[in-house]
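First the structure, which I've put down as structure tokens, then a few questions once you've had a look.
Whatever order the structure lists them in is the order used to number ligands and atoms, beginning at 1. Just so it is clear, the model here is predicted, and its values are computed rather than measured.
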Amino acid sequence: MSLWWLSVLLIPVLLVSARYCWWKPALPDALPRVLMYHMVSTQGDAKKHRGLRVNPKLFERQVAWLAANGWTFVTMSELAARDYAGDKLVALTFDDGYEDNLTNALPVLQKYAAKATLYLVVERHDNDWSVKKKAHHNSGALAAEPKLSDDQVHALLASGVFELGGHTLTHCHLPSTAFDDKVEEISACRMVLEHRFNTPVTSFAYPFGIFADEDVALVREAGFSNAVTTHEGIDGAYEGAVEGAFDNAGSGLTDPFRLRRVKISGKDNFWAFKIRMRIGFRGYL
Ligand SMILES: [Zn+2]
């Protein structure tokens, strides 16, 4: 075979390998997986934010696969409190508060006896927070996505499937927010949610996954017991030896206020989902 033909065959193999890192060994089942979702909906005509929308059929396939493969669904408060048995733990988390979490995700979660945590923005209506990340993100596409009403949030909680977590009052960009305002964004969001929905709120998600050390301290002082980031990966897996790393500091989690999550993207196929579950991320392309 000529060198030319060899390279023609080799290039796709290398591209697929770089994209999916299929050769990387699976991380131990004992390390909990915290999965990050936003919307569960069809892509429709919208070109923006494709990664944030997981198709409902694919979502069901993912949840069914987790259930069939022995993964135990836990909420973030159960994970942080180590209130569980077994070692294949998965926490499904949903950011922001999209209406399809009730209409599309809840029926699937109920079907497979799964649990989830919802990081709810208090002021989520008529609020185009995408511009707070980058000023040119002003398409309004995210603001136009239907959000959960308070009644719908009550319904999610009444189902026993979801617990509530904080995600600030307005989905602010924490590092550029004035100190007094960010104290309000972090501590008031917990108090408002607990009061409005009569439920404990112990977990926090940093908006856009963007935060400074100061913000971590404020989240702790506001009474949250843990916080998730958008750093991709599986905690306990990257601090030198994997063996025992998960039990660092006795917390059961590497740093309970900077937890990594496995990003579940609407751009991924089912194979990519399984690879993310194995190694915490998809690949390099
Ligand atoms: Zn968010």
Side-chain angles (χ1 to χ4, degrees), residues 34-41 46 48-54 59 75-76 91-102 104-106 116-150 152-153 156-157 162-177 181-182 184-190 192-193 196-197 201-212 215-216 218-219 222 224 226-233 257-268:
V34 181
L35 309 190
M36 176 175 68
Y37 290 92
H38 287 79
M39 291 171 255
V40 176
S41 67
K48 296 240 173 193
H49 308 297
R50 279 188 57 222
L52 300 183
R53 284 190 195 84
V54 175
F59 178 69
T75 63
M76 288 307 297
L92 310 183
T93 67
F94 292 81
D95 286 13
D96 302 338
Y98 297 97
E99 188 177 38
D100 59 48
N101 294 179
L102 176 75
N104 293 341
L106 180 64
T117 302
L118 170 66
Y119 292 109
L120 186 68
V121 178
V122 174
E123 295 168 23
R124 59 197 173 279
H125 302 286
D126 303 316
N127 176 0
D128 191 3
W129 55 71
S130 45
V131 296
K132 294 173 187 168
K133 188 176 181 190
K134 287 188 181 126
H136 67 266
H137 286 180
N138 58 354
S139 69
L142 218 51
E145 289 291 338
K147 310 296 189 307
L148 292 160
S149 68
D150 282 0
Q152 290 175 317
V153 175
L156 280 180
L157 298 175
F162 275 88
E163 76 170 22
L164 215 48
H167 201 34
T168 72
L169 294 173
T170 68
H171 207 287
C172 64
H173 180 275
L174 283 170
S176 64
T177 300
D181 292 339
K182 71 166 90 171
E184 177 80 359
E185 287 275 358
I186 293 169
S187 62
C189 91
R190 177 162 178 260
V192 169
L193 292 179
R196 189 174 297 176
F197 299 105
V201 173
T202 61
S203 186
F204 181 84
Y206 301 99
F208 311 111
I210 301 173
F211 58 96
D215 307 324
V216 178
L218 290 175
V219 170
F224 291 100
N226 67 91
V228 295
T229 68
T230 58
H231 293 160
E232 289 187 58
F257 288 92
R258 298 169 197 261
L259 298 176
R260 294 171 191 263
R261 286 190 286 179
V262 180
K263 182 169 97 181
I264 307 302
S265 171
K267 297 176 187 172
D268 281 351

Which residue pairs satisfy the salt bridge (charged side-chain N to carboxylate O under 4.0 Å, His left out) criterion with at least one member in residues 116-125, sequence neighbours excluded? R124-D150

Show all protein N/O/S atoms under 2.8 Å from the Zn ion (ligand 1), or state that there are none. D96 OD1, H167 NE2, H171 NE2

Is there a donor-acceptor contact under 3.5 Å linking the side chains of Y119 and S203?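 Yes.
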
For F162, ring-ring contact (aromatic ring centres under 6.0 Å, His included) partners two or more places apart: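 F162 satisfies ring-ring contact (aromatic ring centres under 6.0 Å, His included) with F94 once adjacent residues are dropped.
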
Honestly, is R190 close enough over F204, meaning NZ or CZ under 6.0 Å from the six-membered ring centre and within 45° of the axis?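 No cation-pi geometry.
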
Minimum heavy-atom separation for L174 to P207, with atom names? CD1-CD, 4.0 Å

Using side-chain contact (heavy atoms from CB on, under 4.5 Å) as the criterion, list what pairs up with P146, not counting sequence neighbours.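 So P146 forms a side-chain contact (heavy atoms from CB on, under 4.5 Å) with E99.
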
